[in-house]
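No experiment lies behind these values; they were computed from the predicted model shown. Both counts, for ligands and for their atoms, begin at 1 and track the order of listing.
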Amino acid sequence: MKIFVLTGAGCSAESGLGTFRDKGGLWARFDPITLATPEAFARDPDEVHAFYNLRRRNLLEAEPNAAHAALAQLQAVLSQKNGGLFLCTQNVDDLHERAGAQQVTHMHGELRKARCMACEVVTPWDGDLGRLDRCPSCHNSGSLRPHVVWFGETPLSMDEIESALHSADLFVAIGTSGAVYPAAGFVSTARQAGLQTCEINLEASENAHVFEERHYGPASLTVPIWVQNILAEL
Ligand code: APR
Ligand code: ZN
């Protein structure tokens, strides 16, 4: 069986990392236009670096939850049975990897990496990042940015994602509001390609009506139950 899983901020919510559009979410407290666009970074790099440094420090304190662990287990079992779990995440955290997932496609980038705007090299980066830091590869200073996809920029690995979407049997969205494209359109692509579709979320997302199957509740409870049911059918 080949499964395409798309995760969003709700998958990491119980690990203490904020979501974006829930009550009190990140975009209720911070303005995405002044913090998560290329124009914002050009205008005030220090403010944008400070925002991502805060989120990176929070991430280093966070731990994966049972939803991350269950998805890593399912990916391992499916790969042993000649199936597969293509794990695509909108999240910039590394909690899927820290829970043991072997393949994770970060379509919105990764918080624990920096990208050089001069040489394009991406470098693991756990400390605070700032304008004065030097690129470890080309030694330019002032050319490092968070390796995160901002509003108005093209998500990463879209060709790989498209091909995985068209070769799976089941599409599952976990912990995402279905508010941001292209990720929000994946379920329609999946349905047109003949995949079964399933939503696992705290509450109905904006595109809940497109999903054939739906499970609601906290991911750390709903995802392990869903994984056990899939494993029982293998
Ligand atoms: N378990 C399951 N789902 C949850 C939980 C939880 N404990 N807590 C919240 N949710 C659900 C919410 O109901 C909501 O539908 O997770 C979803 C989070 O939605 P958003 O905050 O919009 O996050 P996401 O869908 O990942 O946002 C997509 O928008 O701002 C950009 O780049 C950012 O990747 C992000 C993208
Ligand atoms: Zn460089």
Side-chain angles (χ1 to χ4, degrees), residues 5-37 40 51-52 55 59 62 64-68 70-71 88-93 95-96 105-111 113-123 125 129 133-156 161 172-187 198-208 211 214-226:
V5 169
L6 170 70
T7 61
C11 192
S12 298
E14 290 159 89
S15 295
L17 299 184
T19 60
F20 294 96
R21 294 170 184 81
D22 287 323
K23 206 156 125 332
L26 272 167
W27 297 148
R29 288 176 287 136
F30 297 98
D31 176 3
I33 303 305
T34 59
L35 290 168
T37 60
F51 175 60
Y52 287 96
R55 291 179 62 191
L59 172 54
N65 63 57
H68 299 107
L71 290 171
C88 174
T89 186
Q90 300 172 89
N91 301 337
V92 292
D93 65 56
L95 297 182
H96 284 305
T105 298
H106 284 273
M107 64 182 291
H108 290 166
E110 298 174 71
L111 198 48
K113 289 183 179 171
R115 182 180 349 132
C116 177
M117 295 175 290
C119 69
E120 290 302 314
V121 165
V122 174
T123 311
W125 200 282
L129 182 61
D133 287 307
R134 276 188 187 284
C135 166
S137 174
C138 70
H139 308 300
N140 232 350
S141 82
S143 58
L144 292 178
R145 60 168 275 182
H147 180 50
V148 170
V149 176
W150 285 325
F151 289 105
E153 295 185 321
T154 308
L156 308 174
I161 289 168
V172 187
I174 300 173
T176 182
S177 61
V180 175
Y181 286 82
F186 289 174
V187 58
C198 173
E199 166 170 87
I200 302 176
N201 209 48
L202 191 60
E203 58 200 8
S205 71
E206 293 187 18
N207 47 19
F211 289 88
R214 302 168 212 160
H215 303 284
Y216 296 121
S220 65
L221 298 179
T222 49
V223 175
I225 294 168
W226 172 74

For the atom pair [atom1] ([X]) and [atom2] ([Y]), what is the distance rounded to the nearest 0.5 Å?
{"X": "W150", "Y": "Y52", "atom1": "CH2", "atom2": "OH", "answer": "6.5 Å"}
{"X": "L35", "Y": "F51", "atom1": "CG", "atom2": "CZ", "answer": "5.5 Å"}
{"X": "N91", "Y": "H68", "atom1": "CG", "atom2": "NE2", "answer": "6.5 Å"}
{"X": "F186", "Y": "T176", "atom1": "CZ", "atom2": "OG1", "answer": "10.0 Å"}

Record the part of V180 in heavy-atom contact with ligand 1 below 4.0 Å; permitted values are side chain, backbone, both and neither.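 For V180, the contact with ligand 1 is made by the side chain alone.
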
Please classify the R21 to ligand 1 contact at 4.0 Å (heavy-atom distances, strictly less than): side chain, backbone, both or neither.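 Under 4.0 Å from ligand 1, R21 contributes backbone and side-chain atoms.
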
How close does the nearest protein non-hydrogen atom get to [atom], and which residue and atom is it?
{"atom": "atom 28 (C) of ligand 1", "result": "Q90 OE1, 3.3 Å"}
{"atom": "atom 3 (N) of ligand 1", "result": "L202 N, 3.1 Å"}
{"atom": "atom 26 (O) of ligand 1", "result": "A9 N, 2.8 Å"}
{"atom": "atom 25 (O) of ligand 1", "result": "T176 OG1, 2.7 Å"}
{"atom": "atom 34 (O) of ligand 1", "result": "H108 ND1, 2.9 Å"}
{"atom": "atom 6 (C) of ligand 1", "result": "G10 O, 3.4 Å"}
{"atom": "atom 1 (N) of ligand 1", "result": "A219 N, 2.9 Å"}
{"atom": "atom 13 (O) of ligand 1", "result": "N201 ND2, 3.4 Å"}

Check ion pair R145-E153 (N to O, under 4.0 angstrom):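 Salt bridge: yes.
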
With V223 as reference, evaluate I174, V5, N65 under the side chain to side chain contact (heavy atoms under 4.5 Å, CB included) test and give the passing residue.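 When I174, V5, N65 are each tested with V223, the side chain to side chain contact (heavy atoms under 4.5 Å, CB included) holds only for I174.
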
Below the 3.5 angstrom mark, is there an N/O of F151, backbone or side chain, next to an N/O of ligand 1?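 In fact, backbone or side chain, F151 has no N or O that close.
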
Polar contact flag for F20 and ligand 1 (N/O pairs, less than 3.5 Å):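 F20 vs ligand 1: N/O contact under 3.5 Å present.
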
Proximal atoms of ligand 1 relative to [X] (non-hydrogen, under 4.0 Å):
{"X": "W27", "value": "30 (O)"}
{"X": "E14", "value": "1 (N), 6 (C), 7 (N)"}
{"X": "G175", "value": "3 (N), 16 (O), 17 (C), 18 (C)"}
{"X": "E203", "value": "13 (O)"}
{"X": "G8", "value": "26 (O)"}

Can you see which heavy atom on Q90 is nearest to which on G8, and at what distance?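 So the minimum-distance heavy-atom pair works out to NE2-CA, 3.9 Å.
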
Any heavy atom of A179 sitting closer than 4.0 Å to ligand 1?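 No, A179 has no heavy atom closer than 4.0 Å to ligand 1.
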
Under the 3.5 angstrom rule, does the side chain of [X] hit a backbone N or O of [Y] as a donor-acceptor pair?
{"X": "D133", "Y": "L144", "result": "no"}
{"X": "S12", "Y": "A9", "result": "no"}
{"X": "N201", "Y": "G175", "result": "yes"}
{"X": "R115", "Y": "E120", "result": "no"}

Is C135 close enough to the Zn ion (ligand 2) to have an N, O or S atom under 2.8 Å?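 Given the 2.8 Å cut-off, C135 counts as a ligand of the Zn ion (ligand 2).
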
What does the angle at the Zn ion (ligand 2) come to, between atom SG of C119 and atom SG of C138, rounded to 10°?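 Rounding to the nearest 10 degrees gives 120°.
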
Using a distance-only test with no angle check, is there a side-chain donor-acceptor pair under 3.5 angstrom linking S177 and E206?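 Absent: no donor and acceptor within the cut-off.
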
